[in-house]
Number of protein chains: 2
Amino acid sequence: MTKLRGRRPTIDDVAREAGVSRGTVSRVLNGGHWVSDGARVQVEKAIKSTGYRINPHARSLATSRTGSVGFLLTESYERFFSDPNFLQILRSSADALAGHGMTLVLIMADTLDERHRATEYLTGGHVDGALVVSSHRDSQEFLAELLAARLPVISAGIPLGFEEQVGYVTADDEGGARAIIEHLGAHGRTRIVHLAGPQDTSGGTGRLQAFRTVLGAAYSDELVAYGDYSRDSGANAMREILAREVPFDAVFAANDLMAAGAMDVLAKAGLKVPEDVAVVGFDDSPVAQQTTPQLTTMRQPFDRVSEEMIRLLVDEINGRPAGRVVIPTELVERGTV
Amino acid sequence: MTKLRGRRPTIDDVAREAGVSRGTVSRVLNGGHWVSDGARVQVEKAIKSTGYRINPHARSLATSRTGSVGFLLTESYERFFSDPNFLQILRSSADALAGHGMTLVLIMADTLDERHRATEYLTGGHVDGALVVSSHRDSQEFLAELLAARLPVISAGIPLGFEEQVGYVTADDEGGARAIIEHLGAHGRTRIVHLAGPQDTSGGTGRLQAFRTVLGAAYSDELVAYGDYSRDSGANAMREILAREVPFDAVFAANDLMAAGAMDVLAKAGLKVPEDVAVVGFDDSPVAQQTTPQLTTMRQPFDRVSEEMIRLLVDEINGRPAGRVVIPTELVERGTV
DNA sequence: CGCGCGGCTGAGAGCGCTCCTAGTCCATAC
DNA sequence: GTATGGACTAGGAGCGCTCTCAGCCGCGCG
């Protein structure tokens, strides 16, 4: 035991206590390669007895790595945190990062003020990289500034306007949409309408795009109504379609929440699901199991999305060029065909 | 212009460019005292031309300050971020901190896993201090660990179980509750029931406590039903009271959301507000203006709470012992008496 | 016996900043 | 002329790490 006079123990204290050099302690701290068993044991003992904690700033200064990455909250927090998809991405990203010995810190970036501060913070060297989840188009300059500062950034969903410059991970929106339409076709449903999602997100555009493509000549603007992924907007879109009096036997909603809203409206209109109208959602979020009947939907594997995002981000932090990953979706058949 | 060969410019590059010494640049960076105008101008010019950004880790290493404080999210994020009170505290804390040149970082601390990571992060020297908002009792060990590591912590609301060890800022729950009851009395309402908030938060206990004290001998357990601050819980509590068939002419709800829930129930029961029953809430949150009639309530000045929290936290970071601040509430008279 | 080599260790330099101290310079006072 | 002191500056030391590299040791091989 050496005297520390109230200061926090340093690596030198540990080295002295263990009877080895600073370098050896450092080696133990960083994976323990090239260290004899005896030395390692001594060092570990000394770490415990001194209560040593690594000083992250000294380490960061030496390595020019911080070991943390920012998670940008670029949307109304209320919306963000009430969306189970986001929450799942958030949690599994934190898990995946922990697996790399890194930490996730949430960065507020909703208002203009906050974005300024966030930019300062992120480009100032506080984090090794950043994760962006909202892909709304209005975050343009913000993203641009981060890129200009050469901060590694990975996006969940295709970052519209930055497809070329930012690595991303996305579920296969087009493939999933196509599969839904084929599935409906296999059940004899051919007059399908689409409740589209917001067109400034890649999910919204991708699913609509696939809808148009697969329908081909049968496509008409009449078959589409737009919403913003919320339940209410799904209900409104459904009402709009009903008011148009186009004949249809199936509804493909851009996400589960909108599908649920549509089902509310269908029920009120006296239409039976799935007898009169089939309904299919997207995401497989919790709400899909709360509708009656339970919703058939296309699952987005968000845990895999997070894992891949972290993999890409770590790659990019390590100087390997960012990739683009598309993850297949999976049909979950329940009661709405 | 000096060559940097791709590395980030350092303070030495700036000094060379400006024709002054490193120390002078540092002084400009830290407030600019003891620097001649000429030197300052040169330095500022050099900072621009080199694109210099301070390296936070070098600075932290030298000062053993990080310039950032953690904001602990110790509740279900969904609940947290849908509560306008929390959001306001969050935003105004960030503002107040920015005024001190510091940054707020959000730290996830809901699940057990997250709390472990959070503890590591916070006590590892990544932040200068932390803000805790939820005061639910189950965060006990968590708080204890932070204190054990001598991390400066300030709580919003009285941290039950840690009143002695943690500085805090709270609105005057007891005074506010007392004022509400007096206000009702002044309007001739004397048979008051209380829809109490969660009893593991200081707001919940404080307001109930005041209710008991003021009523004195008139108090009876029959006059109280409990909720958890949510609108639904307010409705349930109201139903409970109605079922008991105790006579009452006024409802004092622990917060506005519960008051709104109670008003829903009263309306369905055919009771008119305020003619048959007066209703008073607490907080003055947005919902208070959305009820019909608009809700009379006791405003909690959350912006002042945040300001004071930051002041206390900065004090404590600077080695001055943490204080305790109680902020008066303010009656907002609207249409429910 | 000398040499090379794998396995391990320790010393020194350096990361980019702030803090401190000695020192310069100039104006004013005596 | 020197002394005094206020306004500033230069540069060394140090914050606590990591990284590189030379060096040591013991062993097997030619």
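Every chain is numbered from 1 and lettered A, B, ... according to where its sequence line falls, protein lines coming before strand lines.
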Novice: What distance do B:Met108 atom CE and B:Tyr77 atom OH have between them, rounded to the nearest 0.5 Å?
Specialist: 5.0 Å
Novice: So which protein N/O to nucleotides 23-28 of chain C N/O distances come out below 3.5 Å?
Specialist:
none

Novice: Do A:Asp303 and A:Ser92 get their side chains close enough for a donor-acceptor pair, meaning under 3.5 Å?
Specialist: no
Novice: In this structure, how many angstroms lie between the C1' atom of D:dT18 and the CZ atom of A:Arg65, rounded?
Specialist: 13 Å
Novice: How far apart are the C-alpha atoms of A:Lys45 and A:Glu17, what are their side-chain angles, what is the distance that settles it, and do they pass the salt bridge (charged side-chain N to carboxylate O under 4.0 Å, His left out) test?
Specialist: CA-CA 9 Å; A:Lys45 212 181 289 176; A:Glu17 182 82 9; over 6 Å; no
Novice: Protein-nucleotides 14-16 of chain C N/O pairs closer than 3.5 Å?
Specialist:
unit_1 : atom_1 : unit_2  : atom_2 : d
C:dG16 : N2     : B:Ala58 : O      : 3.4

Novice: What's the spacing between B:Glu316 CD and B:Asn318 CG if we round to 0.5 Å?
Specialist: 10.5 Å
Novice: Expressed in angstrom and rounded to an integer, what is the separation of B:Asp13 atom CG from C:dC17 atom C1'?
Specialist: 13 Å
Novice: When the C1' atoms of the five terminal pairs at each end define the local axes, what inter-axis angle does the helix from C:dC1-D:dG30 to C:dC30-D:dG1 show, to 10 degrees?
Specialist: 60°
Novice: Atom NE2 of B:His33 and atom P of D:dT9: how far apart are they, to the nearest Å?
Specialist: 14 Å
Novice: Rounded off to whole Å, could you give me the CZ-to-P distance for the B:Arg40 and D:dC8 pair?
Specialist: 9 Å
Novice: Just to verify, which of A:Arg8, A:Arg22, A:Arg7 counts as forming a salt bridge (charged side-chain N to carboxylate O under 4.0 Å, His left out) with A:Asp13?
Specialist: A:Arg7
Novice: Starting at atom CZ of B:Arg16, determine the distance to atom P of D:dA10, rounded to an integer number of angstrom.
Specialist: 14 Å
Novice: Excluding sequence neighbours, so at least two apart, what forms ring pair (Phe, Tyr, Trp, His ring centres under 6.0 Å) with A:Phe86?
Specialist: A:Phe80
Novice: Quick one: ring-ring contact (aromatic ring centres under 6.0 Å, His included) pairs with a partner in residues 13-37 of chain B, sequence neighbours left out?
Specialist: none
Novice: Write out all pairs satisfying side-chain hydrogen bond (donor to acceptor under 3.5 Å, both in side chains) with one or both partners inside residues 93-109 of chain A, taking only residues at least two apart or from two chains.
Specialist: A:Asp95-B:Arg117
Novice: Examine C:dT9: is either OP1 or OP2 under 4.0 Å from a nitrogen or oxygen in the side chain of A:Ser36? Give yes or no.
Specialist: yes
Novice: Just N and O in the side chain of A:Ser21: are any of them under 4.0 Å from OP1 or OP2 of C:dA11?
Specialist: no
Novice: Could you pick out which residue, A:Gly23 or A:Asp37, lies toward the 5' side of DNA chain C when each is mapped onto its nearest nucleotide?
Specialist: A:Asp37
Novice: Between D:dC17 and A:Ser26, is there an OP1 or OP2 to side-chain N/O distance shorter than 4.0 Å?
Specialist: no
Novice: What is the distance, rounded to the nearest whole Å, between atom CZ of A:Arg27 and atom P of C:dG10?
Specialist: 8 Å
Novice: Tell me which one of A:Val132, A:Val153, A:Leu143 satisfies side chain to side chain contact (heavy atoms under 4.5 Å, CB included) with A:Phe162.
Specialist: A:Leu143
Novice: Would you say CZ of A:Arg150 has more than 12 non-hydrogen atoms from neighbouring residues, nucleotides or ligands within 6.0 angstrom?
Specialist: no
Novice: Would B:Glu114 and A:Arg91 pass as an ion pair if we require N to O under 4.0 Å?
Specialist: yes
